Amino acid sequence: MGDETEQGAAEDSAVEAAYRLRDDAEEAKSDPAVQEEWIRQSNLIYGGLGAAGLVVVQPFLTTSPLDLTATICVVAFAVSIPLLAALLVLNSQEAFRRQVTRSRLVSVAKTLAEGSAFVGLTAAFWHISLPAGITFLAAGIFAVGVHSAGYTKLEYDGSFRSRFSRRKPSAGNDSRSIG
């Protein structure tokens, strides 16, 4: 019975730690300096992917008919280039207002633009050479892992909570949910 009590206490402690970390992350997201950095990084990503798309698609403009990989590349960039351009313009507005938007439509557009650009680049490498396409796909997935690991280590290390002031919980507000 003592083991069950200890296990229950450990679970409660883990849940409370998750709530604290979530609250700290939410507070960090509202920090203007963090939002400014996100805008700067997004500009780099969207501009780079858009430019890469324009360069990669050019040779296919005068080639007809296109094989499957070339068609996938062209269609993927037909999706991503306009979205990336719209996101760059939106980033200018966000920089002007010094805050990022929390629109679900914008979140979907970001995912679609970046994902279709990655598909387009993978298809372009695949068009050149099957091993190059597979290598690009594998390296891209590995790169996401590298970025995630580095970002997590930088942002959520042991000093994460100490960088932000603690808000006093309001009385009677025990209805917290993760999400």
Side-chain angles (χ1 to χ4, degrees), residues 18-61 69 72-128 132-165 167 177-179:
Y19 283 132
R20 280 193 309 273
L21 187 57
R22 187 218 42 211
D23 292 344
D24 291 343
E26 287 298 319
E27 191 173 343
K29 287 195 306 190
S30 64
D31 181 353
V34 170
Q35 292 186 0
E36 185 178 331
E37 179 60 16
W38 285 348
I39 292 167
R40 189 186 69 75
Q41 289 178 13
S42 294
N43 280 334
L44 180 65
I45 292 166
Y46 304 149
L49 288 175
L54 291 172
V55 168
V56 167
V57 169
Q58 276 186 337
F60 299 126
L61 295 175
T69 56
I72 291 170
C73 174
V74 170
V75 170
F77 280 117
V79 171
S80 71
I81 291 171
L83 289 173
L84 292 165
L87 290 168
L88 276 170
V89 173
L90 175 61
N91 274 0
S92 293
Q93 186 66 24
E94 288 176 330
F96 175 72
R97 294 291 177 197
R98 295 191 172 130
Q99 66 180 8
V100 294
T101 182
R102 294 179 187 247
S103 166
R104 288 189 193 268
L105 182 61
V106 172
S107 295
V108 169
K110 287 177 181 182
T111 302
L112 191 56
E114 292 173 19
S116 60
F118 181 71
V119 167
L121 287 170
T122 303
F125 278 105
W126 206 294
H127 177 76
I128 297 166
I134 292 170
T135 301
F136 181 81
L137 179 63
I141 292 168
F142 181 69
V144 169
V146 168
H147 177 266
S148 296
Y151 179 86
T152 301
K153 190 71 171 169
L154 287 170
E155 296 298 329
Y156 299 102
D157 63 0
S159 67
F160 179 75
R161 289 191 187 104
S162 66
R163 290 189 267 170
F164 304 97
S165 61
R167 285 184 273 166
S177 65
I178 298 178

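Remember, it's a predicted structure, so these values are computed and weren't measured experimentally. The first residue of the sequence shown is numbered 1, and numbering continues consecutively from there.
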*asked:* Run the salt bridge (Lys or Arg N to Asp or Glu O under 4.0 Å) test against E37 and tell me which residues pass, sequence neighbours left out.
replied: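 So E37 forms a salt bridge (Lys or Arg N to Asp or Glu O under 4.0 Å) with R40.
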*More than 12 non-hydrogen atoms from neighbouring residues, nucleotides or ligands closer than 6.0 Å to OH on Y151, yes or no?*
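Atom OH in Y151 is crowded, with more than 12 foreign heavy atoms closer than 6.0 Å.
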*For atom CD of E36, is the number of surrounding heavy atoms from other residues, nucleotides or ligands below 6.0 Å larger than 12?*
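No, the 6.0 Å shell around CD holds no more than 12 heavy atoms from other groups.
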Supply the atom-to-atom distance [X] [atom1] to [Y] [atom2], rounded to the nearest 0.5 angstrom.
X    : Y    : atom1 : atom2 : value
K110 : S103 : NZ    : OG    : 9.0 Å
I141 : F136 : CD1   : CZ    : 10.5 Å
F60  : C73  : CZ    : SG    : 4.5 Å

Heavy-atom closest contact ([X] atom, [Y] atom, distance):
X    : Y    : answer
V100 : Q35  : N-OE1, 3.2 Å
A113 : S80  : O-CB, 3.3 Å
T152 : S148 : OG1-O, 2.7 Å
V79  : P82  : O-CD, 3.5 Å
L49  : F77  : O-CE2, 4.2 Å

Using residues 120-127 as the side-chain source, report each donor-acceptor pair under 3.5 Å to any protein atom, sequence neighbours left out, with the distance given to one decimal.
unit_1	atom_1	unit_2	atom_2	d
T122	OG1	F118	O	2.8
H127	ND1	D67	OD1	3.1
H127	ND1	D67	OD2	3.1
H127	ND1	T69	OG1	3.1

Which donor-acceptor pairs under 3.5 Å do side chains of residues 83-97 form with protein atoms, sequence neighbours excluded?
unit_1	atom_1	unit_2	atom_2	d
N91	ND2	N43	OD1	3.0
E94	OE2	T101	N	2.9

